[in-house]
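A short worksheet on the structure shown next.
Numbers here are sequence positions counted from 1. Because the structure is a prediction, the values reported are computed rather than measured.
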Amino acid sequence: MAKEVISSVNAPKAIGPYSSAIKVGNMLFVSGQIPVNPATGEVPADIAQQAHQSLRNLKALVEEAGLSLADVVKTTVFLADINDFAAINEVYASYFAQPFPTRSCVAVKDLPKGVGIEIECIAVKD
């Protein structure tokens with residue numbers, strides 16, 4: 001199967017030697033999205049707003065590939081501070097409906113550009 005590179009003007013460009021998203025058949029793999037506003041390059045200071053921006057970036061790539069957040073089957077959330085877990089959950093729940101995707105959430109030492117959150121996903125179109 002051929003790999004299709006997916007990008008969107010509504011999500012930041014990749015900041016390294018990787019693709020923002022790759023579609024293979026009916027599967028989409030989205031690289032970790034940090035909370036950079038693609039229009040301004042700015043990062044919100046508040047962790048809840050960072051979560052919203054990361055999820056908006058992720059959603060833009062998923063939709064560019066012709067899928068929706070309802071097609072997401074797995075996410076991985078990276079947090080710079082595990083104490084932000086509750087605030088992130090509240091925001092995250094506003095983007096996904098039941099049945100929720102499977103998810104891993106891990107605290108890491110550092111994230112690119114000093115942000116507090118990064119989210120990646122896998123989506124499958126029926």
Check the hydrophobic clustering (I, L, V, M, F, W, Y; side-chain heavy atoms under 4.5 Å; chains of links allowed) and say if [X] and [Y] are grouped together.
X      : Y     : answer
Ile34  : Val43 : yes
Leu28  : Val5  : no
Phe100 : Val72 : yes
Val106 : Ile88 : no
Val91  : Leu58 : yes

Got Val115 and Gln50 here, is their nearest side-chain heavy-atom distance under 4.5 Å?
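In contact.
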
Please tell me if the side chains of Pro38 and Asn57 come closer than 4.5 Å, counting only heavy atoms from C-beta onward.
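SC-SC contact between Pro38 and Asn57 confirmed.
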
Tell me the closest heavy-atom pair linking [X] and [Y], and the distance in Å.
X      : Y      : value
Pro44  : Pro35  : CD-O, 3.3 Å
Phe29  : Ile122 : CD2-CG1, 3.8 Å
Val77  : Tyr92  : CG2-CE1, 4.4 Å
Lys23  : Gly25  : CE-O, 3.6 Å
Glu118 : Pro112 : OE1-CD, 3.6 Å
Val30  : Leu61  : CG1-CD1, 3.8 Å

Gap between atom [atom2] of [Y] and atom [atom1] of [X] - 0.5 Å precision:
X     : Y      : atom1 : atom2 : value
Asn83 : Ile47  : CG    : CD1   : 11.0 Å
Ser20 : Glu64  : OG    : CD    : 10.5 Å
Gln53 : Ile117 : CD    : CD1   : 11.5 Å
Lys59 : Ile119 : NZ    : CD1   : 13.5 Å
Ile6  : Glu63  : CD1   : CD    : 12.5 Å
Met27 : Asp71  : CE    : CG    : 12.0 Å

Results of salt bridge (charged side-chain N to carboxylate O under 4.0 Å, His left out) for Lys113 - residues two or more places apart only:
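With neighbours one apart ignored, the set is empty.
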
Can a side-chain donor-acceptor contact be found between Lys74 and Ser104 if the only test is distance below 3.5 angstrom?
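Short answer, yes.
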
With no hydrogens and no angle check, is any side-chain donor or acceptor of [X] less than 3.5 Å from a backbone partner on [Y]?
X     : Y      : answer
Asn26 : Lys125 : yes
Glu4  : Ala2   : no
Ser19 : Ala21  : no
Asn37 : Thr40  : yes

Ring of Tyr95, cation from Arg56 - is the NZ or CZ under 6.0 Å from the centre and inside 45° of the axis?
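Cation-pi check for Arg56 and Tyr95: fails.
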
Check against side chain to side chain contact (heavy atoms under 4.5 Å, CB included), Ser54 and His52
CA-CA 6 Å; Ser54 288; His52 277 291; over 6 Å; no

